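The structure presented is a predicted model; accordingly, all values stated were derived computationally and were not measured.
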Amino acid sequence: MKEDIRKIRMRQKWLELYAETGSVTKTALRCGIARSTLYRRINREKEQGKSELSDKSKRPSRLSNMKITPKIEDHICP
């Protein structure tokens, strides 16, 4: 739990520093992160607000391709 709070505060500081400097490159260099990471956080804040600074699941919402049909099962286990 403390780790999550620490990450959220760190991300808030990234956005505050970006607001001060107005430069993604300068902010990313100062914070030691990739510009793409900062762009992702900036866009997520614009879309969803400050509440969405926590980690987002990378798990796909649907796993339909993972289903094994009887035809595939017969192919695997002769």
Output the distance between atom SG (C77) and atom CD1 (I72), rounded to the nearest 0.5 Å.
12.0 Å

S23: which residues meet the side chain to side chain donor-acceptor pair (under 3.5 Å) condition with it, sequence neighbours left out?
none

For the pair K13 and E16, find out whether any cationic side-chain nitrogen is under 4.0 Å from an anionic carboxylate oxygen.
no

How long is the gap from CE on M10 to CZ on R41, to the nearest 0.5 Å?
8.5 Å

Let me confirm one number: the OH-CD1 distance from Y39 to I33, rounded to the nearest 0.5 Å.
11.5 Å

Using every non-hydrogen atom in the two residues, find where L38 and W14 come nearest and quote the distance to one decimal.
CD1-CB, 4.1 Å

Do the side chains of K26 and L17 get nearer than 4.5 Å, heavy atoms only?
no

Would a 4.5 Å heavy-atom cut-off, applied to side chains only, mark I42 and V24 as touching?
yes

Residue pair T25 / R35: nearest heavy atoms and the distance that separates them
OG1-CD, 3.5 Å

Can you tell me how far the CG atom of L15 sits from the NZ atom of K46, to the nearest 0.5 Å?
10.5 Å

